[in-house]
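Below you'll find the structure, written out as structure tokens, and then a few comments.
The model shown is predicted, which means the values in this text are computed figures rather than measured ones.
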Amino acid sequence: MPPSCCGAGYFRRLRRALPDEIGVLALELPGHGRRYAEPYLTSAPAVVADALAQIDGPVDVVYGESLGAYIGLALVAALSDRRRPALVAASNVPPSQQRRVTSEDIATLESAVATLASMGGAITDEVLDDPHLAAGAFAMIRADLLLARSFVETVGTTTTPGNVTVLAGDRDTSLSELPAWARHTTGRCSFELLPGGHLLAESNPSGVAGVLLSALTEV
């Protein structure tokens, strides 16, 4: 499950770092990547339903990064009646510790970019300096922040029976709040700190691949 404002292509480097025998499904949200022409979804239940519709086989481990960590938590909870997939939640505080996005936070491009930055995300100056690209970026940022709010409201008390590994980069923020992820599983919760920034699959794909392989051995 990708971070805010990213499509499935974000995981290219991570997929190359994993062995060929590992089956990987990088999920694409409406309005992102190859699904750019579809309307954005801002409802957590709608996104989970969309994700479930893309899965056509067994799932052993769900990896979610940033916003994707919340999507991943909801997804493993929805899958737990069939089996107990593990969750690797990266680059985000638990939803119970995340601040709720307000209307003022998404009122303008500037406020939306600042809100995204406060959660660890970033939009390049190249995009923001181009009026056409900036307008498109604003729509996506706004939709993903509304989606984040929906997940904070719906999975703040969600638990999964599968194991949870919490992953963070040593240059990321809010590391002190990560232990609260243990409230979201009745299984084992462990913590891994890797060299890297907020976008770990981009800055340290080999490190993330190693954590995923370890999670697979414990399923």
Do [X] and [Y] have side chains that approach each other closer than 4.5 Å (heavy atoms only, starting at C-beta)?
X	Y	answer
L213	P19	yes
L75	V47	no
P95	L73	yes
M119	Q98	yes
L116	S4	yes
P94	R183	no
T158	F151	no
L14	L200	no

For [X] and [Y], which heavy atoms make the closest approach, and how far apart are they?
X	Y	value
C5	I141	SG-CG1, 3.8 Å
L109	A134	CD2-CB, 3.9 Å
P45	S150	CD-OG, 4.3 Å
L27	A8	O-CB, 4.1 Å
L87	G72	CD1-C, 3.7 Å
L145	A112	CD1-O, 3.7 Å

Co-membership, hydrophobic cluster, residues [X] and [Y], 4.5 Å side-chain:
X	Y	answer
M1	Y36	no
V127	Y40	no
M140	F138	no

### Task
In sequence, state the C-alpha distance, the side-chain angles, and the governing distance for L41 and L29, and then conclude on side chain to side chain contact (heavy atoms under 4.5 Å, CB included).
CA-CA 8 Å; L41 294 179; L29 296 182; over 6 Å; no
Mind telling me whether Y70 and W181 have parallel, tilted or perpendicular rings, with 30° and 60° as the class edges? tilted
Problem set entry | Neighbour count above 12 (heavy atom, 6.0 Å) for F191 CZ | yes
Near D129 CG, under 6.0 Å, is it more than 12 heavy atoms from other residues, nucleotides or ligands? yes
H32 vs D144, test: side-chain hydrogen bond (donor to acceptor under 3.5 Å, both in side chains). Steps then yes/no.
CA-CA 10 Å; H32 300 68; D144 282 1; 3.0 Å; yes
To the nearest 0.5 Å, what is the distance between [atom1] on [X] and [atom2] on [Y]?
X	Y	atom1	atom2	result
S190	E218	OG	CD	6.5 Å
I71	D50	CD1	CG	10.0 Å
I22	R15	CD1	CZ	12.5 Å
E202	E65	CD	CD	8.5 Å
D60	R84	CG	CZ	14.5 Å
N163	T165	CG	OG1	7.0 Å

Side-chain donor or acceptor of [X] paired with backbone N/O of [Y] under 3.5 Å:
X	Y	value
T160	G162	yes
D170	G196	yes
N204	P195	yes

Working note: V208 + L194, criterion side chain to side chain contact (heavy atoms under 4.5 Å, CB included); need CA distance, chi angles, decisive distance, verdict. CA-CA 8 Å; V208 174; L194 294 178; 4.2 Å; yes
- Salt bridge between E28 and R35, side-chain N to carboxylate O under 4.0 Å? no
For this session: Please step through side chain to side chain contact (heavy atoms under 4.5 Å, CB included) for the pair H198 and S203, ending with a clear verdict.
Result: CA-CA 8 Å; H198 183 69; S203 61; over 6 Å; no
Paired with D105, the side chain to side chain donor-acceptor pair (under 3.5 Å) test is passed by just one of R149, R142, R100, R99, namely R99
Evaluate side chain to side chain contact (heavy atoms under 4.5 Å, CB included) for V101 paired with L146, printing each intermediate quantity in order.
CA-CA 7 Å; V101 172; L146 287 172; 5.6 Å; no
- Task: Let me see the working for T108 and S111 under side-chain hydrogen bond (donor to acceptor under 3.5 Å, both in side chains), right down to the final yes or no.
- Result: CA-CA 5 Å; T108 65; S111 63; 3.0 Å; yes
